[in-house]
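All remarks here apply to the structure that follows.
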Amino acid sequence: MSGNLPQIERDQPVPAIEVERPANPEHGDLATNLAMKLAKPLRRAPIQIAQVIADELAWEIANAPAQSPLASASVAAPGFLNVRVSNATLARTLDAILAAPADWGRISVVRPRQVNVEFVSANPTGPLTIGNARGAFVGDLLCRVLEAGGQQVTREYYFNDAGGQIRNLGASVVALKRGEPIPEDGYHGDYVEELLTQLPDPVWAAANEPGVDAADAIGRWAAQQVRGGIEASLTHLGVRFDVWKSEASLHADGWVGRAVEKLRERGHVYEKDGAIWFASTAFGDDKDRVIIRSNGEPTYFAADIGYVAEKFSRGYDHLIYIWGADHHGTVARVRNAAEAMGFDQQAVQMLLYSWVRFVRDGVEVSMSKRAGNFITLDELLAEVGVDAARWFFASRGATSAIDFDIELAKKQSAENPVYYVQYAHARIASILRKAAEVGLTPAATLDPAALEGAPEAALVRSIVRYPEVVEDAVLVEETHGITAYATELATTFHAFYRDARVIEESEPDRSRARLALAEAARVTLASALGLLGISAPDRM
RNA sequence: GCGCCUGUAGCUCAGUGGAUAGAGCGUCGGCCUCCGGAGCCGAAGGUCGCAGGUUCGAAUCCUGUCGGGCGCGCCA
């Protein structure tokens, strides 16, 4: 464009320009605000700049159509440059999808990292409840998105199986066993009675040996039982953890002590009122934090600090914590402690998911694990189904506060959008089966002319957008763009199905081209659902 | 009091400076001689909490303000 437009002065900052998909397809396949951004540095009207570029592109398309991926370029007020992609380009993309379906949607990795994602991390004092649900789904979905972006992800679960809570759980079981009332701080859920029925005689006998603290011993046994149940629940919803880390082991293996020592060496701790404090304010925190109590016991925060060091010792480039919004007060101190130990604070990040307000017929469900009135995660999944629950959480941003009406979810389960998407997938699978019966298979090489029809043009444009959707999801580390896209692609396919008859034995060429489009749509739906951990059934 | 999050259609939620603010559910009205009707088409429904500001352009950025949630332990 040097001949028609002035040069940008050397000291002028070059503005960031964007290329995007117009909301209105009539505007073209891609649009850019380039001309509007250049208006100021070039001192020209945006519409004029856009026209010069559009003319140049049009000249290229006319003179060397085989070299240009575009079919046309046009200008719209106040200075948008809109282009249309050629059918040949689209046809080649479809060929590539069918040739290597597993690679479709895979994006190029900029910088592969080892990432540790810690989530759920509920202590084994009872089964997982619906209160733990969002953390489980948000964490798993984040891991899937990170993996889609090429990161090496470790899913980690942190728990305390030795603290006062565990002892209280043990005391509750002991009381039931002895026919005594459950103590003040004890647990009352049905699962406590179940634990009692599972309690093996030898364990009970050993707990009652002289000199043994029965509540403590039974608590340790119960925690193990409960943890097994938690693992089973998580497996059921499709989340497997690579590492289960016990808080007690951090102390036993010396990580906590060494971390405190490290902070001391670097001059970030001091003593006051008989306790040892971490000077968190030096890193911008509101107040300093106790790490060793005046009675010599380390705080929970001390274990956190040791855990950071322990995690980094395993070679991770990045630590991510999935926490409920109520933990935001602890974010700064943990990151500050990491920095104080010499780690990069940027390498320690917390994703705070907002609270889910569980509602039944418009009335909030109040829960207390201790009092025993709670809904377990297993019960929720039994009511609404794993796929529907996954979709529910995947389609909402992690930080938005949301309502979950259980009755509504049950009522809507048959009309849940997840089934709409799965139905589209099953429908395509059925068409392909039927086509194969009459000897029709998807075309391996698509004729660009086959994409000229309106139904084909709309469907192919929806399909080829998929990698951008994945890239966006990786970038923002959220999944709701994927659910929205999958819904849109399903809608586009249903419209295609209505307008374009796929199986037509009298017109095998057109039929095979449409089968190729249908198959590409199916591959894309399966990939999008798979990314979310949701099944893509061939029949429903 | 201080800090973080949040306010978009009847409901649940998208929209990370661009064109006419979208989806699902719900409501109303249509569509089965034909590849799966768990589908399709159409309609109604919005002062983007409010008020200023920045910008060619603001739901989006800034300031103020009102409402909602959460956090401010030698608890875990």
Side-chain angles (χ1 to χ4, degrees), chain A residues 16 18 20 22-24 26-27 31-33 36-37 39-40 45-46 76-80 82 123 125 160 163-165 247 272-277 286-287 289-304 324-332 352-355 357 359 362 391-392 395-397 399-405 408-409 411-412 414-424 426-435 437-438 440 472 475-476 478 480-481 483-484 487-488 490-491 493-495 497-505 511 514-515 518 539-540:
Chain A
E18 287 119 41
E20 58 182 18
N24 185 343
E26 285 176 18
H27 291 131
T32 177
N33 58 0
M36 285 178 278
K37 291 294 183 187
K40 200 165 267 180
F80 286 105
N82 298 324
N123 282 341
T125 56
N160 182 1
Q165 291 178 30
E247 182 187 337
K272 192 182 89 180
D273 303 334
I276 309 232
W277 298 68
D286 300 344
K287 54 186 80 167
R289 310 289 174 177
V290 172
I291 48 179
I292 308 289
R293 286 184 269 253
S294 50
N295 67 6
E297 289 290 313
T299 60
Y300 183 83
F301 176 47
D304 275 343
D326 55 338
H327 279 66
H328 75 77
T330 61
V331 169
L352 301 177
Y353 61 87
S354 294
W355 225 235
R357 193 168 151 269
V359 170
W391 183 276
F392 180 87
S395 57
R396 287 149 173 84
T399 56
S400 64
I402 52 179
D403 280 8
F404 193 116
D405 191 316
L408 211 58
K411 261 184 265 173
Q412 288 178 355
E415 286 151 52
N416 192 297
V418 71
Y419 297 118
Y420 176 80
V421 175
Q422 289 178 321
Y423 176 74
R427 196 180 213 185
I428 299 171
S430 166
I431 293 167
L432 289 162
R433 279 194 301 271
K434 193 145 286 187
E437 285 170 18
V438 296
L440 286 170
D472 267 1
L475 203 65
V476 300
E478 290 275 10
H480 50 255
T483 56
T487 307
E488 182 208 296
T491 297
F493 178 78
H494 286 308
Y497 172 85
R498 179 194 67 226
D499 297 331
R501 192 173 174 83
V502 178
I503 300 173
E504 199 59 80
E505 290 179 70
S511 192
R514 286 178 174 171
L515 281 167
R539 290 184 170 84
M540 292 177 72

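Chain naming here is simple, since letters A, B, ... match the order of the sequence lines and numbering starts at 1 in each.
Under the 90° criterion around 0 for the glycosidic angle, B:C32 counts as syn.
Residue contacts shown for A:A303 are absent, as no nucleic acid heavy atom lies under 4.0 Å away. When heavy atoms are screened at a 4.0 angstrom cut-off, A:A426 is found touching base atoms of the nucleic acid. Here A:T483 lies out of heavy-atom contact (under 4.0 Å) with every strand. Across all strands shown, A:A302 has no heavy atoms under 4.0 Å from either base or sugar-phosphate atoms. Heavy atoms of A:T399 sit under 4.0 angstrom from primed sugar atoms or phosphate atoms, though from no base atom.
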Here RNA chain B, pairs taken as Watson-Crick or G-U under 3.5 Å and shown with ( ), [ ] when crossing and | when to another strand, reads (((((((..((((....[...)))).(((((.......))))).....(((((..]....))))))))))))....

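Between the P atoms of B:G46 and B:A23, the separation comes to 15 Å (whole Å). Only the C1' atoms considered, B:U55 is 36 Å distant from B:G10, to the nearest whole Å. B:A58 and B:A19 have their P atoms separated by 11 Å, given to the nearest Å. Remark: the separation of the P atoms in B:G49 and B:U6 is 13 Å, to the nearest Å. Taking the C1' atom of each, B:G57 and B:C13 are spaced 27 Å apart, rounded to whole Å. Spacing of C1' atoms, B:G15 relative to B:G67, comes out at 23 Å, to the nearest Å. Taking atom C1' in both B:C48 and B:A43, the straight-line distance is 23 Å, to the nearest Å. Here the separation of B:G39 from B:U63, taken at their P atoms, is 46 Å to the nearest Å.
Both thresholds, 5.5 Å between centres and 30° between ring planes, are not jointly met by A:Y497 relative to the base of B:G39, so the two rings are not stacked. For B:A14, the base is not stacked against the aromatic ring of A:H480, per a cut-off of 5.5 Å between centres and 30° between planes.
Atoms NE2 (A:H494) and C1' (B:C31) sit 16 Å apart, rounded to a whole Å. One can place CZ of A:R396 at 15 Å from C1' of B:G15, the figure rounded to the nearest angstrom. A:D472 has its CG atom 13 Å from the C1' atom of B:A14, to the nearest Å. Atom pair A:Q422:CD and B:G36:C1' shows a separation of 15 Å (rounding to whole Å applied). When the C1' atom of B:U55 is taken as reference, atom CE of A:M36 falls 13 Å away, rounded to whole Å. Note: CZ (A:F80) to P (B:U20) measures 9 Å, nearest angstrom. Taking atom CD of A:E478 as the reference point, atom P of B:C13 lies 14 Å away to the nearest angstrom. Going from atom OH of A:Y419 over to atom C1' of B:A23 covers 19 Å, rounded to whole Å.
With rounding to the nearest 0.5 angstrom, the CZ atom of A:R289 is 7.5 Å from the CZ atom of A:F301. Rounding to the nearest 0.5 Å places CZ of A:F80 at 7.0 Å from CG of A:N33. Residue A:I503 holds its CD1 atom at 6.5 Å from CG of A:L515, rounded to the nearest 0.5 Å.
Between A:A31 and A:A490, the residue anchored nearer the 5' end of RNA chain B, judged by the nucleotide with its closest heavy atom, is A:A31. For the pair A:H27 and A:K434, nearest-nucleotide mapping onto RNA chain B gives the more 5' position to A:H27.
Judged by distance alone, with hydrogens and angles left aside, the side-chain atoms of A:T487 form a donor-acceptor pair with the main-chain N or O of A:T483 at under 3.5 Å. Remark: the backbone N or O of A:I292 is not paired with any side-chain donor or acceptor of A:T299 at under 3.5 angstrom. With hydrogens and angles ignored, the 3.5 Å screen pairs a side-chain donor or acceptor of A:N416 with a backbone N or O of A:V418.
Under the side chain to side chain donor-acceptor pair (under 3.5 Å) criterion, A:R396 pairs with no residue, sequence neighbours left out. Shown here are the side chain to side chain donor-acceptor pair (under 3.5 Å) partners of A:N160, two or more places apart in sequence or in another chain: A:E247. Considering only residues two or more places apart in sequence or on other chains, A:H494 meets the ring pair (Phe, Tyr, Trp, His ring centres under 6.0 Å) condition with A:Y420, A:Y423. With sequence neighbours left out, the side chain to side chain donor-acceptor pair (under 3.5 Å) criterion links A:R501 to A:E504.
Checking B:C5, B:G36, B:A19 against every side-chain atom of A:N82, the shortest atom distance belongs to B:A19.
Contact of the A:E488 side chain with the A:T491 side chain is not registered, since no non-hydrogen atoms from C-beta on lie closer than 4.5 Å.
The phosphate of B:C41 has OP1 or OP2 within less than 4.0 Å of a side-chain N or O from A:R498.
Ring pair A:Y353/A:W355 is parallel by interplanar angle, where below 30° counts as parallel and above 60° as perpendicular.
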Per-nucleotide protein contact along nucleotides 68-76 of chain B, 5' to 3', at a 4.0 Å heavy-atom cut-off (B base, S sugar-phosphate only, - neither), is --BSSSBSB

